[in-house]
Amino acid sequence: RVLNLQFNERPYSEYRLVADFWAAHEKHERFVYQDIVLNESYIMRFDAPLSTNMRSADTVDFQATLREV
C-alpha cells in the first residue's frame, strides 16, 4: 500500500513539524500511521523526500509519500 498525502496551504510551522519528522525517519525508519477516518493503523516508512511548494512566506503546499512495510 502506498499513500500520497497532500497538504495544501498549510502554515510554515506545520510544515516544519512534518519536515523534522521526516528528517528523523527519512526512508529507513518505520513508524505507525493511523487513519482516523477508517480507524486503522499501518506500519509505514517514507517512500520519498517531502515535495514542497512555498506559496508565501508562511504558507506551504507539501506532499508526503508513504509505503506500507
Compute whether any side-chain donor of one residue and acceptor of the other, for N4 and Q6, lie under 3.5 angstrom apart.
no
Assess whether atom CD1 of I36 is packed by more than 12 heavy atoms of other residues, nucleotides or ligands within 6.0 Å.
no
Please collect all salt bridge (charged side-chain N to carboxylate O under 4.0 Å, His left out) contacts where either partner lies in residues 40-66, sequence neighbours excluded, each pair once.
E9-R55, R45-D47, D47-R67, R55-D61
Nearest heavy-atom approach of F31 to E29 is CD2-O, 3.9 Å
Applying side chain to side chain contact (heavy atoms under 4.5 Å, CB included) to V37 and not counting sequence neighbours gives D35
So, for A19 and L50, which heavy atoms are closest and what is the spacing to 0.1 Å?
CA-CD1, 3.6 Å
Minimum-distance pair of heavy atoms, taken over all atoms of Q34 and S41
CG-OG, 3.8 Å
Hydrophobic cluster membership, F46 vs V2, 4.5 Å side-chain cutoff
no
Between Y42 and Y33, what is the ring plane arrangement, given parallel below 30°, perpendicular above 60°, and tilted in between?
parallel
I would like to know whether M44 and V69 meet side-chain contact (heavy atoms from CB on, under 4.5 Å); could you show each step before the answer?
CA-CA 5 Å; M44 308 290 276; V69 291; 5.9 Å; no
Do other residues, nucleotides or ligands put more than 12 heavy atoms under 6.0 Å from D20 CG?
yes
Is the gap between the ring centers of F7 and Y15 under 6.0 Å?
no
Determine, step by step, whether V60 and N53 satisfy the side-chain contact (heavy atoms from CB on, under 4.5 Å) criterion, reporting the C-alpha distance in whole Å, the side-chain angles of both residues, the deciding distance to 0.1 Å, and the verdict.
CA-CA 6 Å; V60 183; N53 178 37; over 6 Å; no
Just how far is it from atom CZ of R30 to atom CD of E68, taken to the nearest 0.5 Å?
11.0 Å
For L5, the option from L66, V18, T65 that meets side-chain contact (heavy atoms from CB on, under 4.5 Å):
L66
Any idea which heavy atoms bring W22 and A48 closest together, and the distance?
NE1-O, 3.3 Å
Joint hydrophobic cluster, F21 plus F62, side-chain heavy atoms closer than 4.5 Å
yes
